[in-house]
Q: 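Dumping the structure here so I can ask a few things about it.
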Amino acid sequence: LERQGVIDGYEVRLNPKQFRRHQVAFVTVTLARMAEEIRLGQALATIAEVQEVHYISGGDAFLLKVRVSNAAALGRFIRETLASIDGIRSISSKVVLSTYKETARIPIEMPKSIV
């Protein structure tokens, strides 16, 4: 399955509370110049607090899933890390209050011949 490209890799899911990373926020980033999408996407992907980087449609360019310790840490992250990246025009965040489902699983339909 690995050679066929079905399995991309393996991960262990750690409990974020054990590492003081229980605060999740979704952050949208708007670019000053859309021509810099690839450079900025790659730069955002290297930041430890950023768990996911998605290039999205609409007015914003990126949707980030960020995990930090608390709201104050999120504020510092936005001011000191994201705002310091050249080419970002604006940043907006939504703080997660509760999570009811979080997974990387992909639903797979079984062929009827197997069922």
Side-chain angles (χ1 to χ4, degrees):
L1 293 176
E2 291 167 342
R3 281 181 282 185
Q4 294 173 342
V6 175
I7 296 175
D8 280 341
Y10 302 90
E11 290 184 0
V12 173
R13 289 194 52 152
L14 301 173
N15 182 339
K17 292 178 183 176
Q18 297 294 321
F19 299 92
R20 296 185 186 99
R21 298 285 181 170
H22 54 278
Q23 182 64 69
V24 175
F26 290 93
V27 178
T28 55
V29 174
T30 304
L31 306 182
R33 296 169 301 282
M34 291 306 290
E36 299 215 51
E37 173 247 325
I38 294 172
R39 179 186 71 81
L40 287 168
Q42 291 171 341
L44 293 167
T46 66
I47 301 171
E49 293 87 350
V50 176
Q51 289 190 307
E52 298 177 14
V53 179
H54 303 278
Y55 182 58
I56 59 173
S57 63
D60 300 308
F62 292 106
L63 174 66
L64 312 177
K65 179 182 176 185
V66 175
R67 191 175 285 277
V68 293
S69 58
N70 54 39
L74 177 63
R76 282 191 306 276
F77 171 75
I78 290 171
R79 284 189 312 276
E80 298 171 10
T81 304
L82 291 183
S84 70
I85 298 174
D86 183 47
I88 291 179
R89 182 176 53 171
S90 66
I91 301 163
S92 177
S93 64
K94 305 271 190 253
V95 174
V96 173
L97 300 176
S98 297
T99 299
Y100 294 96
K101 181 177 182 177
E102 185 176 45
T103 184
R105 293 180 181 155
I106 298 173
I108 300 172
E109 291 185 28
M110 296 299 290
K112 292 183 182 192
S113 61
I114 296 177
V115 178

Q: Side-chain donor-acceptor pairs under 3.5 Å in residues 42-49, sequence neighbours left out?
A:
from  : atom 1 : to    : atom 2 : distance (Å)
Thr46 : OG1    : Ala43 : O      : 2.7

Q: Does any pair with a residue in residues 7-25 pass side-chain hydrogen bond (donor to acceptor under 3.5 Å, both in side chains), and if so which ones, sequence neighbours excluded?
A: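 Sorted result for residues 7-25: Glu2-Tyr10.
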Q: Quick one: list whatever passes side chain to side chain donor-acceptor pair (under 3.5 Å) with Glu36, sequence neighbours left out.
A: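 Here the qualifying residues are Arg33, Arg39.
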Q: Of all the heavy-atom pairs spanning Ala73 and Val68, show the shortest one and how long it is.
A: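 So the two residues come closest at CB-CB, 4.1 Å.
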Q: Only pairs at least two apart or in different chains count here, so list each ring pair (Phe, Tyr, Trp, His ring centres under 6.0 Å) that has a residue in residues 87-106.
A: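 Residue pairs with at least one partner in residues 87-106: there are none.
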Q: When clusters are formed by joining ILVMFWY residues with side-chain heavy atoms under 4.5 Å apart, either directly or through shared neighbours, do Leu40 and Ile56 land in the same one?
A: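 No: no chain of side-chain contacts under 4.5 Å links Leu40 to Ile56.
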Q: Please give me the minimum heavy-atom distance between Ala61 and Leu31, naming the atom from each residue.
A: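 For Ala61 versus Leu31, the nearest heavy atoms are CB-CG, 3.5 Å.
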Q: By the ring pair (Phe, Tyr, Trp, His ring centres under 6.0 Å) test, which pairs, at least two apart or in different chains, include something from residues 26-51?
A: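 Sorted result for residues 26-51: empty, none.
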Q: Sequence neighbours excluded, which residues qualify as salt bridge (charged side-chain N to carboxylate O under 4.0 Å, His left out) partners of Lys65?
A: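 Lys65: salt bridge (charged side-chain N to carboxylate O under 4.0 Å, His left out) contacts with Glu102.
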Q: Look at the side-chain heavy atoms of Ile, Leu, Val, Met, Phe, Trp and Tyr, link any pair under 4.5 Å apart, and say whether Val27 and Val24 land in one connected group.
A: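 They do not share one cluster, since no chain of ILVMFWY contacts under 4.5 Å joins Val27 to Val24.
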Q: Just grab all the side-chain hydrogen bond (donor to acceptor under 3.5 Å, both in side chains) pairs involving residues 74-99, residues at least two apart or on different chains.
A: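 side-chain hydrogen bond (donor to acceptor under 3.5 Å, both in side chains) check on residues 74-99 returns Thr30-Ser90.
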Q: Any ring pair (Phe, Tyr, Trp, His ring centres under 6.0 Å) involving residues 55-81? Give me the pairs, sequence neighbours left out, ordered by first then second residue.
A: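 Only Tyr55-Phe62 qualify under ring pair (Phe, Tyr, Trp, His ring centres under 6.0 Å).
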Q: Given a cutoff of under 4.5 Å between side-chain heavy atoms of I, L, V, M, F, W and Y, with clusters grown through shared members, what are the other residues clustered with Leu97?
A: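 None, because no other hydrophobic side chain comes under 4.5 Å of this residue.
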Q: Side-chain heavy atoms nearer than 4.5 Å, only ILVMFWY residues, links allowed to pass through others: does that put Leu74 and Ile85 together?
A: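 Yes, Leu74 and Ile85 fall within the same hydrophobic cluster.
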Q: Going by side-chain heavy atoms closer than 4.5 Å, which hydrophobic residues are tied to Val12, directly or by a chain of links?
A: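 For the cluster that includes Val12, the remaining residues are Leu14, Phe19.
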Q: Crowded around Ile38 CD1? As in, over 12 foreign heavy atoms under 6.0 Å?
A: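 No, not enclosed.
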Q: Roughly how far apart are Ile91 CD1 and Leu82 CG, rounded to 0.5 Å?
A: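 These two atoms lie 4.5 Å from each other.
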